[in-house]
Amino acid sequence: VCLYETIFVNRDYAFESAAARPLVIDCGSNVGLSVLFQKIAHPECRVVAFEPDPQTFEILEKNVAAQGLRDVQLHNRAVFSAAGPVDFHYDPAEPGSVCMSLRSERMPATQKVEAVTLSSFIDGEVDFLKLDVEGAEMAVLEEVARSGKLRLIREMAVEYHHHMAPTEDRFSELLRLLEDNGYGYVLHDTPERPFARGKFEAILVYAYRKEV
């Protein structure tokens, strides 16, 4: 229900494009609702999707096949700052959980998964990037920036996981990275009141490349 509301009701990953076949990169695809949303909104779009959890990836594959979605590349990989095996944290009692993460704060059990760099999948203009990687977003974006390919992304929706560690305050680093690379942005404000110190908050950051 949470994923459906986020994707189809709130339309967190909606974007407009004049391209005939826009390219969408979907990091953290889970069971594929975000992939389906893009194929409904942009039937001719090409989607490159990443989901690291093996069990969830199997469901993702089945859902994409069942819907007959074309031009969708699926990768059973995490995106991170470097390629290779990484610790991935999950809960066996909650298969398909949206809280699975490379961060140990999120889930009790650990398994090894393969990671790739996002820059290695960018060789031209990207119309839209969805980045929901449960705490690894800064590592991913910093890697793409180092590669010199960040400016190839026209628009992105980044879920920033603020206070995953209650004393960790690094949100300004994300905004500085975007500003330094020529992006404007809009923040989704949390509706919860009153505010609480150190409370976890998922902040949706919609960023758009400023045209020169």
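For Glu114 (side chain) and Ala78 (main-chain N/O), no donor-acceptor pair under 3.5 Å exists by modelled atom type. For the pair Lys130 (side chain) and Gly28 (backbone), a donor-acceptor distance under 3.5 Å is present. Looking only at distances, no side-chain donor or acceptor of Lys39 sits under 3.5 Å from a matching main-chain atom of Ser34. No donor-acceptor pair closer than 3.5 Å links the side chain of Arg154 to the backbone N or O of Tyr208. The closest donor-acceptor contact from the side chain of His163 to the backbone of Lys199 lies under 3.5 Å. Checking side-chain atoms of Lys149 against main-chain N and O of Ser119 turns up a donor-acceptor pair under 3.5 Å. Between the Gln38 side chain and the Leu36 main chain, no donor and acceptor come within less than 3.5 Å of each other. Remark: side-chain polar atoms of Thr6 are not paired, donor with acceptor, to backbone N or O of Leu3 under 3.5 angstrom.
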Item to complete: Dump the intermediate steps for side chain to side chain contact (heavy atoms under 4.5 Å, CB included) on Arg209 and Arg151, then the final yes or no.
Response: CA-CA 7 Å; Arg209 191 178 67 200; Arg151 286 277 296 168; 3.1 Å; yes
Item to complete: Show your reasoning for whether side chain to side chain contact (heavy atoms under 4.5 Å, CB included) applies to Ser172 and Leu175.
Response: CA-CA 5 Å; Ser172 63; Leu175 302 184; 5.6 Å; no
Discussion item. For Phe57 and Leu74: C-alpha separation, side-chain torsions, deciding distance, then whether side chain to side chain contact (heavy atoms under 4.5 Å, CB included) applies.
Written reply: CA-CA 8 Å; Phe57 184 78; Leu74 302 179; 3.8 Å; yes
Practice prompt. Starting from the C-alpha separation in whole Å, work towards a yes-or-no answer on side chain to side chain contact (heavy atoms under 4.5 Å, CB included) for Val35 and Val72.
Written response: CA-CA 8 Å; Val35 175; Val72 177; 4.0 Å; yes
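Criterion: ILVMFWY side-chain heavy atoms under 4.5 Å apart, direct or through other members. Under it, Val116 and Met138 are part of a common hydrophobic cluster. By the criterion of side-chain heavy atoms lying less than 4.5 angstrom apart, applied directly or through intervening Ile, Leu, Val, Met, Phe, Trp or Tyr residues, Ile7 is grouped together with Tyr4 in one hydrophobic cluster. No chain of hydrophobic side-chain contacts below 4.5 Å, direct or via other Ile, Leu, Val, Met, Phe, Trp or Tyr residues, connects Val47 to Val79. Note: the hydrophobic cluster containing Leu23 also contains Val158 (ILVMFWY, side chain heavy atoms under 4.5 Å, direct or indirect links).
In this structure, the salt bridge (charged side-chain N to carboxylate O under 4.0 Å, His left out) partners of Glu105, at least two apart in sequence or on a different chain, are Arg103. Listed by chain and number, the residues in a side-chain contact (heavy atoms from CB on, under 4.5 Å) with Thr56 are Asn30, Val31, Glu51, Asp53, Met100 (sequence neighbours excluded). For Ala19, the side-chain contact (heavy atoms from CB on, under 4.5 Å) partners two or more places apart in sequence, or in a different chain, are Ser17, Pro22, Asp127. Residues that satisfy the salt bridge (charged side-chain N to carboxylate O under 4.0 Å, His left out) test with Lys62, not counting sequence neighbours, are absent from this structure. For Arg193, the salt bridge (charged side-chain N to carboxylate O under 4.0 Å, His left out) partners at least two apart in sequence or on another chain are Asp189. Residues passing the side-chain hydrogen bond (donor to acceptor under 3.5 Å, both in side chains) test with Asp71, sequence neighbours excluded: Arg21. For Ala145, the side-chain contact (heavy atoms from CB on, under 4.5 Å) partners two or more places apart in sequence, or in a different chain, are Leu150, Leu177, Asn181. Applying the side-chain contact (heavy atoms from CB on, under 4.5 Å) rule to Ala202 yields the partners Glu159, Phe200; only residues at least two apart in sequence or on another chain are considered.
Inter-residue side-chain proximity for Leu174 and Leu141 is flagged as met; some heavy-atom pair is nearer than 4.5 Å. Put simply, the side chain of Leu178 reaches to within 4.5 Å of the side chain of Val205, judged on heavy atoms. At a threshold of 4.5 Å between non-hydrogen side-chain atoms, the residues Val113 and Val86 count as touching. Side-chain contact check for Arg77 versus Pro52: every heavy-atom pair is 4.5 Å or farther apart. Side-chain contact between Asp132 and His161: present, with at least one pair of heavy atoms (C-beta onward) separated by less than 4.5 Å. Taking 4.5 Å as the limit, every side-chain heavy atom of Val48 sits out of range of all side-chain heavy atoms of Val24. Looking only at side-chain heavy atoms (C-beta outward), Ile122 and Ile153 come within less than 4.5 Å of each other. By the 4.5 Å heavy-atom criterion applied to side chains, Leu118 and Cys27 are counted as neighbours.
Crowding of Asp180 atom CG: a count of heavy atoms from other residues, nucleotides or ligands under 6.0 Å exceeding 12. The environment of Gln55 atom CD is sparse: at most 12 non-hydrogen atoms of other residues, nucleotides or ligands sit within 6.0 angstrom.
For the atom pair Leu102 CG and Asp87 CG, the distance stands at 8.5 Å (nearest 0.5 Å). Distance check, rounded to the nearest 0.5 Å: CG of Leu131 to CD of Glu137 gives 6.5 Å. To the nearest 0.5 Å, the span separating CZ on Arg170 from NE2 on His162 amounts to 12.0 Å. Between Asn10 atom CG and Leu204 atom CG the span is 9.5 Å, to the nearest 0.5 Å. Residue Cys45 holds its SG atom at 11.0 Å from CZ of Arg70, rounded to the nearest 0.5 Å.
Among pairs with a residue in residues 168-196, those fulfilling ring pair (Phe, Tyr, Trp, His ring centres under 6.0 Å) read Tyr160-Phe171, at least two apart in sequence or across chains. Sequence neighbours left out, the pairs with a member in residues 9-40 that pass ring pair (Phe, Tyr, Trp, His ring centres under 6.0 Å) are Phe8-Phe37, Phe15-His42, Phe15-Phe128. Residue pairs meeting the side chain to side chain donor-acceptor pair (under 3.5 Å) criterion with at least one partner in residues 89-101, sequence neighbours excluded, are His89-Thr110. For the ring pair (Phe, Tyr, Trp, His ring centres under 6.0 Å) condition, the pairs that include at least one residue of residues 101-127, sequence neighbours left out, are Phe50-Phe121, His75-Phe121.
With respect to Glu173 and Arg176, no salt bridge is recorded, no charged nitrogen being found less than 4.0 Å from a carboxylate O.
Contact record, Ser29 with Leu60: CB-CD2, 4.0 Å, taken as the closest heavy-atom pair.
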